[in-house]
Amino acid sequence: MTQHASSCPLDCPDACGLEVTVEHDRVVRIEGDRRGPLTDGFICGKVRKFADHMYGDDRLTQPLVRTGPKNGPPRWRTVTWDEALALVADRIGGIVARAGGEAVLPYHYGGSNGWITDGGCASRFFRRLGASRLQLTFCAAATSAAQRGLYGAMPGVALEDFAHAKLIVLWGVNPSATSIHLVPIIDRARAAGAKLVVVDPRATPLARHADLHLPVRPGADLPIALAIGHALIERGAIDRAFIETHVADFTEYARRAARWSLDAAAREAGVARADLEAFVELYAATSPAVIRTGWGMERNRNGGGSIAAVLALPAIAGKFGVRGGGYTMSNSDARWAVGAEAGIGAPEAATRLVNMSEIGVQLRDLRDPRIECLFVYNCNPVATAPDQRLLVEQLARDDRFVVVHEQVMTDTAALADVVLPATTFLEHRELHRGYGTMRMFDRPAVVAPYGEARTNTELFGALLARMGLAQPDDATTDQAIVDRIFAASPRGEALRGQLDAHGIAAPPDGANRVPFVDVFPSTPDRKIHLVPAALDAEAGELYAYRPDPATDAFPLALISPALATQISSTFGQLREAPAAIELAIADADARGIADGDDVRVWNAHGEVHCVAKREAHVRPGVCVLHKGFWRKHTANGFTANALIPPGLADLGGQGAFNDARVQVAKR
Ligand SMILES: Nc1nc2c(c(=O)[nH]1)N[C@H]1C(S)=C(S)[C@@H](COP(=O)(O)OP(=O)(O)OC[C@H]3O[C@@H](n4cnc5c(=O)[nH]c(N)nc54)[C@H](O)[C@@H]3O)O[C@H]1N2
Ligand SMILES: Nc1nc2c(c(=O)[nH]1)N[C@H]1C(S)=C(S)[C@@H](COP(=O)(O)OP(=O)(O)OC[C@H]3O[C@@H](n4cnc5c(=O)[nH]c(N)nc54)[C@H](O)[C@@H]3O)O[C@H]1N2
Ligand code: SF4
Ligand SMILES: [Mo]
């Protein structure tokens, strides 16, 4: 038995340090370590059981080539890597020669989320091929656009510093499932007297015990955030001196916020006016106050404006300048000054940009050239992209070449022409940083690749070489990629030193910096811009409200928050229990639906057959079918994603997952 220090690169804000036990080159135990400030010796159940993912029945161990038609149940022929690579290189080479590089679209997202597996040889390969580019819009596109517009890349309040807050607002975020290490910190703050407010259509576990819960209608955060801002201004509960020094566009923001009274906002959002009033009073009176915004609020037509309106509150109310005061959105941009780009080593060309959230429509409609090859890695779009029915139909076409590099036989891999086995994060090196906790890790593989699995570096390195796209000074190994990344940055050496000594690094200018004491907006004038011109242009008009898309035929808002047991669709193969749609008691009663009933959920885009669960924690008018279910979890092979229209949010090209409106009936 040997012990190895590692870290978790999954798409989760916490970025845990791990202690992995290996026996006979197999992972037998995974625990949290204490190197970072957050992990504190415990991790989630998902990663504690990661060995089930590595060694389960669905794990891919050899390259597979489809035999038989794409529309039927998949039949596979096992081939050698050499045969598989020859086939892939040959087909892609033929498509590029005939139709041009843009006929190929790489399709990737978080996967295991580091700068080696998501960058490096993969990006180099597609850039040199002249492939179409993918606009990454599944997640954090609207929030990033809003945050960058208002504050630039300023880091938010460190999660550890929530312990100093006297008021914590969780706005569209559910740390009990999605960032579990924040929960004990919130508990400690509350034990020391902090108040907790939750803004969420569901009574999440933390909302149930909060001092105040605003069960907002999905997509209606914008009116309430503006109304709160307006009320703070009217009551003089703003920090004029701070605004004078640090805030631009205050007058224009105030003008737009004044469109929403507390009454009108309460009506639109379906919350009690008295609760909005209570929020205003609490927020005005308390410091340090921190707002933790999550990703639940961005995934609708108003997502970007809503985030911007929430991020404006600490600016006008003068909540910065004290430890534990301000906001936390994503800290991924924060102060590392290193990134994947230098490891790619090939310039990005201005080829066609394809929005990943519109993939079904784009596969169907794009011409000159049409997308003839979709190359999927680090992603499971059949389970995670909008408009699932159209995507499945488009992937199943005989005139489209689909390659999937995956760890397990996902719903997307099942529709591929060629499936290539990928390593997991414990079988390859990774360099990554958290987007909640501000820590970076560089850690080696702890076991050899399982079966014939190969790393992203090996796969795309081999394709670069085979297709004549390699250049003599390319970084072709993980080590070389890491070296390039650090060599390109003035901060590289300091980070390298920390990582060599401890396997973990904090930003070189120190962790837990206090906004407006140690760090400031990275906008050109270092001010907060409440109405940035670029966002105004992109959104049509920032802070303009787009009404609820519900109709009489499809009156219920379907939201798809995270499951505690998965990361998006990752680990779904391990789940046996069927998917259940959670309905508010009143909505279930109105439809004569009992617990466990078979129901159909439908709208103009698709239909899902699953079981019903009556749920007191969901507000009337809203239903919940979690993200990340696999096709096997429903009776008709479609999930929430079949009900999601291809429309986008107001900023960042963000997928509007929570704009689905549906009807539900007994089957
Ligand atoms: N266990 C687990 N952890 C995860 C993930 C996972 O799938 N499982 N996913 C990871 C990823 S990819 C991400 S992006 C993060 C996401 O982290 P979170 O943002 O915490 O996750 P979500 O569950 O998507 O959304 C949070 C909350 O937003 C609420 N919500 C939905 N619509 C609205 C709205 O219009 N307004 C408001 N105010 N609230 C709304 C939902 O009810 C939900 O409780 O978590 C990461 N961590
Ligand atoms: N209905 C609905 N759908 C949603 C959302 C929603 O709110 N509602 N939210 C969206 C969000 S927040 C996100 S982030 C996306 C996530 O969507 P995806 O990016 O599809 O994320 P996962 O489902 O985690 O799938 C990642 C896949 O990458 C594979 N993988 C991991 N590491 C590697 C590697 O090193 N190499 C290779 N080749 N493969 C690897 C894993 O095995 C896994 O199958 O889903 C979106 N989908
Ligand atoms: S998924 Fe999140 S909580 Fe679980 S081990 Fe990874 S970083 Fe930690
Ligand atoms: Mo995400």
Side-chain angles (χ1 to χ4, degrees), residues 162 165-180 182-191 193-229 231-232 260 262-263 265-286 289-300 302 306-307 309-310 313-314 327-328 548 556-557 559-562 564 582-587 613-624 626 658:
F162 279 46
K166 288 292 167 217
L167 171 62
I168 297 174
V169 180
L170 302 176
W171 204 314
V173 70
N174 178 25
S176 307
T178 59
S179 180
I180 58 171
L182 184 56
V183 177
I185 299 172
I186 293 172
D187 289 345
R188 277 204 296 283
R190 295 191 82 191
K195 297 264 193 269
L196 177 67
V197 177
V198 177
V199 187
D200 197 302
R202 303 184 299 153
T204 57
L206 284 162
R208 285 167 221 167
H209 307 288
D211 297 286
L212 182 63
H213 171 213
L214 299 177
V216 58
R217 226 175 248 140
D221 302 277
L222 177 61
I224 64 176
L226 290 177
I228 290 166
L232 290 168
W260 287 96
L262 290 180
D263 274 326
R267 228 176 300 121
E268 187 60 33
V271 301
R273 187 202 140 105
D275 287 346
L276 280 188
E277 188 74 50
F279 186 114
V280 173
E281 274 170 26
L282 202 52
Y283 195 65
T286 320
V290 64
I291 303 179
R292 204 290 185 254
T293 56
W295 295 266
M297 165 181 18
E298 77 174 347
R299 298 187 184 134
N300 63 72
N302 293 314
S306 299
I307 296 279
V310 172
L313 297 177
Y327 75 88
T328 305
D548 197 290
L556 299 175
I559 58 172
S560 39
E582 297 172 7
L583 296 167
I585 307 296
D587 293 325
K613 181 168 186 287
R614 297 159 60 92
E615 177 58 75
H617 299 307
V618 175
R619 66 160 293 154
V622 175
C623 54
V624 174
H626 287 280
N658 292 338

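- Counting heavy atoms from C-beta outward, Trp295 and Pro561 have side chains that stay 4.5 Å or more apart.
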Full working for side-chain contact (heavy atoms from CB on, under 4.5 Å) between Arg202 and Val624
CA-CA 9 Å; Arg202 303 184 299 153; Val624 174; 3.8 Å; yes
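- Remark: Arg217 engages Ala220, Asp548, Arg619 in a side-chain contact (heavy atoms from CB on, under 4.5 Å) (not counting sequence neighbours).
- Considering CG of Leu583 and CZ of Arg614, their distance stands at 9.0 Å, rounded to 0.5 Å.
- Side-chain atoms of Asp211 come within 3.5 Å of backbone atoms of Leu196 as a donor-acceptor pair (strictly under, hydrogens ignored).
- Judged by distance alone, with hydrogens and angles left aside, the side-chain atoms of His213 form a donor-acceptor pair with the main-chain N or O of Asp200 at under 3.5 Å.
- For Lys166, the NZ atom sits in a packed shell: over 12 heavy atoms of surrounding residues, nucleotides or ligands are nearer than 6.0 Å.
- With rounding to the nearest 0.5 angstrom, the CZ atom of Arg267 is 11.0 Å from the CG atom of Leu262.
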Would you sort out whether Leu313 and Tyr327 count as a side-chain contact (heavy atoms from CB on, under 4.5 Å), showing the intermediate values?
CA-CA 9 Å; Leu313 297 177; Tyr327 75 88; over 6 Å; no
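- Taken to the nearest 0.5 Å, the CD atom of Glu281 stands 11.5 Å off from the CG atom of Leu276.
- Taking CG of Leu222 as the start and CE of Met297 as the end, the distance is 10.5 Å to the nearest 0.5 Å.
- Nearest heavy-atom pair, Pro218 versus Val622, reported as atom, atom and distance to 0.1 Å: CD-CG2, 3.5 Å.
- Among all heavy-atom pairs drawn from Leu226 and Ala309, the shortest one is CD2-CB, 3.9 Å.
- For His626 (side chain) and Ser560 (main-chain N/O), no donor-acceptor pair under 3.5 Å exists by modelled atom type.
- For the residue pair Val198 and Ala210, the shortest heavy atom distance occurs at CG2-CB, 4.0 Å.
- Each of Ile291, Asp275, Leu282 was checked for a side-chain contact (heavy atoms from CB on, under 4.5 Å) with Val197, and the lone residue meeting it is Leu282.
- Every side-chain contact (heavy atoms from CB on, under 4.5 Å) that Ser176 has, sequence neighbours left out, goes to Asn174, Val183, Pro205, Leu206.
- In this structure, the separation between CG on Asp221 and CG on Asn302 is 8.5 Å, given to the nearest 0.5 Å.
- The CH2 atom of Trp260 lies 11.0 Å from the CD1 atom of Ile224; values are rounded to the nearest 0.5 Å.
- Across all their heavy atoms, Ala194 and Leu167 have their closest contact at CB-N, 4.4 Å.
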Residue pair Trp171, Phe279: steps toward the ring-ring contact (aromatic ring centres under 6.0 Å, His included) verdict:
CA-CA 12 Å; Trp171 204 314; Phe279 186 114; 5.8 Å; yes
Could you walk me through whether Leu170 and Thr204 pass side-chain contact (heavy atoms from CB on, under 4.5 Å), step by step?
CA-CA 10 Å; Leu170 302 176; Thr204 57; over 6 Å; no
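- Counting all heavy atoms, side chain and backbone alike, Asn658 lies closest to Ile559 at OD1-CA, 3.4 Å.
- Side chains of Val271 and Pro215 form a contact here, defined as non-hydrogen atoms less than 4.5 Å apart.
- Contact detail for Gly294 and Ile307: the closest heavy-atom pair is O-CD1, 4.1 Å.
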